[in-house]
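Step one of this worksheet: look at the structure below.
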Amino acid sequence: MRLSRDYFFTLRDDVKNEDSTSGNLLVRSGMIKKTSSGIYMMLPLGLRVMNKIENIVREEMNAIHSLELSMPAMIAEEVYIESGRRETFGNSMFALKDRFNKPFVLGPTHEELFAAAAKMHVHSYKDLPTSLYQFQTKFRDEPRPRFGLIRVREFVMKDAYTFDRDLAGLDLAYDKMFQAYKNIFDRLEIDYVIVRADTGVMGGLLSEEFQAVCDIGEDILVIEESSGYASNLEIAKCIIEDEVSDEPELSYEIKDTPQAKTIEEVVAFLNEDIKKFVKTLIYNIDGNIYALCVRGDHEVNETKVLKLLGANEIEMASEEEVIAATKAPVGFAGPIDLEIPIILDQEITVMKNFIVGANQVDKHFINVNLSDFTPTQVADIRKIREGDMCENGAGPVKFMRGIEVGNTFKLGDGYAKAMDLYYTDQNNKLIPVQMGSYGIGIARCMAAIVEQNHDKHGILWPKHLAPIQVAIVIINTKNAEQVEVAEKLYAELNANTNLDILIDDRDERAGVKFNDMELIGAYARITVGRGIADGKVELKIAGADISEDIAIEDITTKIKEIFA
RNA sequence: CGAGGUGUAGCGCAGUUGGUAGCGCACCUGUUUUGGGAACAGGGGGUCGCAGGUUCAAGUCCUGUCACCUCGACCA
């Protein structure tokens with residue numbers, strides 16, 4: 001790449017409409033450019049990084065005998081209606097119509113088409129196992145795109161699928177994929193943790209996520225280090241920590257709580273410990289109204305509730321629904337004499353003489369006990385908190401934040417049954433295929449790498465991913481000797497390595513060139529300047545404090561060593 | 001979806017009580033510079049998000065609309 005000629009630009013200042021460090025660095029270094037909310041151009045330097053990440057992924061996929069193919073991004077809507085996922089995805093699917101008014105969608109993920117592709121090959125047990133993958137643009141109409149390339153509406157994902165005869169085969173395929181994923185993220189030099197995650201509505205057997213550790217991560221990871229426990233907050237189980245209270249049970253009575261609606265207000269008004277309260281939250285779950293009770297200082301874990309009920313959608317009930325269900329305005333719901341299903345968090349079973357809403361304006365009940373009402377179900381429905389005991393009892397958990405850069409999913413046979421993907425076994429019986437699905441967000445990896453690897457000057461790419469691996473900077477382009485040495489090195493390095501080499505032959509001041517190379521994260525910088533009088537040039541690695549003088553004739557060897 | 005904010009040159013911004021648009025950076029020309037984002041001089045670039053309306057006159061006032069951003073989507 002020759003800067004005096006090729007497409008190249010940088011911005012000196014942060015742009016306003018980027019809300020993350022990685023987004024700003026990538027925009028400022030001229031690698032990406034936002035065109036709409038959550039939609040980006042991938043400019044030449046950015047695309048180089050993408051390609052390098054893709055190639056690492058491709059090598060590891062090929063190594064485990066997954067075959068690459070390419071699916072369409074635009075898919076007839078009926079494909080998702082048949083699998084039952086049109087509803088599951090709902091508004092998050094981009095939908096459009098062709099000129100004959102036939103409905104299409106832009107694929108958010110491709111299980112359906114891969115199952116269809118598998119059907120072409122899989123008829124007999126002799127055809128299994130097999131595995132396919134692709135790199136493909138996915139479309140998801142996120143309600144709130146955020147953080148540069150991290151939460152976007154159009155993105156390239158590597159998705160792989162395995163097809164096996166039985167669970168033992170699936171376990172094997174999953175383990176191979178899992179190891180390949182570790183190889184990939186190790187090679188990408190991402191600092192990651194693997195957590196257990198929600199298997200979602202398809203009722204898969206196991207889901208694990210590869211999470212890049214990062215402060216702006218949108219997922220909360222629940223960690224207990226001594227036992228190696230790691231889970232997404234969504235599914236981290238809680239255990240009952242307190243002993244059954246030994247207080248004598250009192251009879252409940254009604255209390256005036258004027259103007260006190262929120263839990264904080266009631267706590268303040270009654271001057272009681274928040275742990276003496278039970279919050280009753282009214283939810284609309286798949287169109288039905290439920291009351292969920294958790295201790296005053298706890299929060300409902302909606303994922304757990306969905307799983308418990310086998311439901312798809314959960315949201316707080318509207319004001320009208322609350323009034324209809326509790327016969328009281330919002331703020332005074334309680335479990336006593338409530339005529340809707342009540343789901344009680346298990347922690348409440350050890351409480352006595354607690355405080356609940358009275359389903360009347362400005363009233364709460366105190367000294368309420370379990371015998372005073374009848375819950376429909378008792379279960380673990382609360383969010384675990386930092387410091388709570390880990391479900392395995394090994395110790396208190398701590399929280400980290402992560403960016404989900406990959407996931408691995410044992411789907412089981414549920415999917416094959418829905419998609420009618422069966423094979424004939426040795427006994428001529430039809431058996432559903434055991435599937436696994438495995439995703440990696442390519443640009444998300446790129447963003448995570450930048451979030452994790454930058455300094456005040458710019459991006460610090462791993463050397464195998466840097467869009468520019470060697471940058472030759474000519475200090476003074478009017479100095480014929482400097483130009484000659486630099487050009488010679490440029491030709492020599494291009495001829496003798498497969499690295500991405502850049503020559504900065506612009507008529508700019510040294511500071512401009514240095515800053516640009518640091519911003520874009522050129523891995524090794526060769527400075528051709530006054531040192532050539534002694535037959536030397538300077539070599540500096542991005543992020544290092546000092547540079548090294550190297551004899552001109554030794555540079556190629558040295559560079560080869562560095563990138564060996 | 002709810003609340004708030006912002007749309008003026010490639011980027012960041014200013015623009016008073018309405019009077020036909022400016023600053024910094026970037027860009028072009030020239031001169032002097034040349035090892036960490038140069039200096040001076042000259043210059044180019046904008047249907048002020050879009051559509052209506054009020055007015056002799058609208059970046060500015062009014063209405064609508066679109067886009068982008070932030071917060072919330074956990075309140076009982």
Side-chain angles (χ1 to χ4, degrees), chain A residues 9-20 23-24 27-28 30 33-39 90-92 141-148 233 257 260-267 277-284 289 291-294 296-303 305 314-319 321-323 325-326 328-335 338 355-364 381-383 456-458 473-479 482 504 506-519 525-533 537-538 540 547 549:
Chain A
F9 74 91
T10 57
L11 300 176
R12 290 195 177 187
D13 302 307
D14 278 356
V15 292
K16 205 180 69 173
N17 69 356
E18 285 298 339
D19 56 351
S20 64
N24 248 306
V27 169
R28 285 183 50 210
K33 167 73 183 157
K34 188 187 296 196
T35 61
S36 294
S37 182
I39 301 176
N91 290 334
S92 62
D141 195 358
E142 293 285 345
R144 194 170 164 199
R146 243 198 289 205
F147 301 141
L233 176 72
T257 52
K261 292 171 74 170
T262 67
I263 192 79
E264 289 76 20
E265 287 165 354
V266 185
V267 167
F277 288 79
V278 169
K279 289 194 285 203
T280 304
L281 288 74
I282 311 300
Y283 270 87
N284 182 329
I289 305 298
L292 307 183
C293 296
V294 295
D297 56 329
H298 288 158
E299 292 183 355
V300 167
N301 183 324
E302 296 183 352
T303 306
V305 175
I314 181 166
E315 57 179 4
M316 298 295 297
S318 67
E319 202 171 329
E321 289 168 332
V322 172
I323 292 167
T326 67
V330 172
F332 302 98
L338 199 56
I355 302 160
V356 301
N359 298 322
Q360 297 176 46
V361 183
D362 293 344
K363 310 269 186 201
H364 279 75
I381 58 165
R382 76 171 176 96
K383 274 187 190 166
K456 63 183 174 188
H457 304 293
V473 172
I474 307 170
I475 290 294
N476 184 352
T477 50
K478 296 203 171 66
N479 179 316
Q482 288 184 18
D504 191 348
R506 294 175 299 172
D507 182 17
E508 287 285 353
R509 298 175 76 80
V512 173
K513 299 186 179 191
F514 292 156
N515 281 315
D516 276 348
M517 291 308 102
E518 282 160 11
L519 179 60
R525 189 179 79 209
I526 297 171
T527 305
V528 181
R530 59 193 169 215
I532 59 168
V537 292
E538 287 161 46
K540 184 171 180 295
S547 61
D549 286 340

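Just so we're on the same page: letters track the sequence lines, and every chain starts at 1. Please read these numbers as outputs of a predicted model, since none were measured by experiment.
Checked for salt-bridge contact, Glu518(A) and Arg525(A) meet the test: a charged N lies under 4.0 Å from a carboxylate O.
In terms of polar N and O atoms assigned as donor or acceptor, the side chain of Glu538(A) comes within less than 3.5 Å of the base of G35(B) in a complementary pairing. In the interface, the side chain of Arg146(A) is not paired with the base of G72(B) through any donor and acceptor atom under 3.5 Å apart. Side chain Asp516(A) to base G37(B): a donor-acceptor pair is found below 3.5 Å. Side-chain N/O atoms of Glu518(A) and base N/O atoms of G37(B) include no donor-acceptor pair closer than 3.5 Å. Side-chain to base pairing of Asp13(A) with G12(B): no donor and acceptor N or O lie closer than 3.5 Å to each other.
Checking C74(B), G37(B), U33(B) against every side-chain atom of Lys478(A), the shortest atom distance belongs to U33(B). Checking G37(B), A76(B), C11(B) against the side-chain heavy atoms of Leu11(A) singles out C11(B) as nearest. When each of G35(B), U33(B), A73(B) is scored by its nearest atom to the side-chain atoms of Arg144(A), the top-ranked nucleotide is A73(B). For Arg530(A), taking side-chain heavy atoms from C-beta onward, the closest of the listed nucleotides G35(B), A38(B), C68(B) is G35(B). Taking every side-chain heavy atom of Val15(A) into account, C11(B) is the closest of U34(B), A76(B), C11(B). Closest to the Asn17(A) side chain, of the nucleotides C68(B), A76(B), G37(B), is C68(B). Counting only heavy atoms from C-beta on, Lys383(A) has its side chain closest to C74(B) among G35(B), C25(B), C74(B). Between A76(B), G37(B), U34(B), one nucleotide has an atom nearer to the side chain of Asn515(A) than all others, and that is G37(B).
Spacing between atom NE2 of His364(A) and atom P of A76(B) amounts to 10 Å, rounded to whole angstrom units. Taking atom CE on Met517(A) and atom P on G35(B), their separation rounds to 18 Å, with Å as the unit. As a whole-Å value, the separation of Ile475(A) CD1 from G35(B) C1' is 5 Å. Protein atom CD of Glu142(A) is 13 Å distant from nucleotide atom P of C69(B), rounded to whole Å. Protein atom CD of Glu508(A) is 13 Å distant from nucleotide atom C1' of U33(B), rounded to whole Å. Across the protein-nucleic acid pair, Ile532(A) atom CD1 and G35(B) atom P stand 14 Å apart, rounded to whole Å. One interatomic measurement links the two molecules: NZ of Lys16(A) to P of G49(B), which rounds to 12 Å at whole-angstrom precision.
Checking Lys540(A) against Val322(A), the closest nucleotide of RNA chain B that is more toward the 5' end is the one next to Lys540(A). Of the two residues contacting RNA chain B, namely Ser36(A) and Phe514(A), the nearest-nucleotide position lying further toward the 5' end is that of Phe514(A).
Rounded to whole Å, the C1' atom of G44(B) lies 36 Å from the corresponding atom of U54(B). Separation of the P atoms belonging to G12(B) and G49(B) is 15 Å when rounded to the nearest angstrom. Between C25(B) and U6(B), the two P atoms lie 27 Å apart (nearest whole Å). A gap of 9 Å separates the P atoms of U47(B) and A9(B), to the nearest Å. The same atom, C1', is picked in G59(B) and in G22(B); the two are 12 Å apart, to the nearest Å. Comparing C48(B) with A21(B), their C1' atoms sit 8 Å apart, to the nearest whole Å. For the P atoms, the distance linking G64(B) with G5(B) amounts to 15 Å, nearest Å. Taking atom P in both G52(B) and U60(B), one finds a spacing of 14 Å when rounded to whole Å.
The side chain of Lys34(A) places an N or O atom within less than 4.0 Å of a non-bridging phosphate oxygen (OP1 or OP2) of C69(B). Dashed line: the shortest gap from a side-chain N or O of Arg509(A) to OP1 or OP2 of A38(B) is under 4.0 Å. Side-chain N/O atoms of Ser37(A) include none lying less than 4.0 angstrom from OP1 or OP2 on A67(B).
Phe332(A) comes within 4.0 angstrom of sugar-phosphate atoms only, judged by non-hydrogen atoms across all strands, and of no base. Among the atoms of the strands shown, only primed sugar atoms or phosphate atoms (P, OP1, OP2) are found under 4.0 Å from some heavy atom of Asp19(A). Here Gly357(A) lies out of heavy-atom contact (under 4.0 Å) with every strand. Among the atoms of the strands shown, base atoms are found under 4.0 Å from some heavy atom of Arg525(A). Here Thr326(A) lies out of heavy-atom contact (under 4.0 Å) with every strand. Base engagement by Gly531(A) is indicated by at least one non-hydrogen atom pair under 4.0 Å involving a base atom.
At least one side-chain heavy atom of Arg28(A) sits under 4.5 Å from a side-chain heavy atom of Asp14(A).
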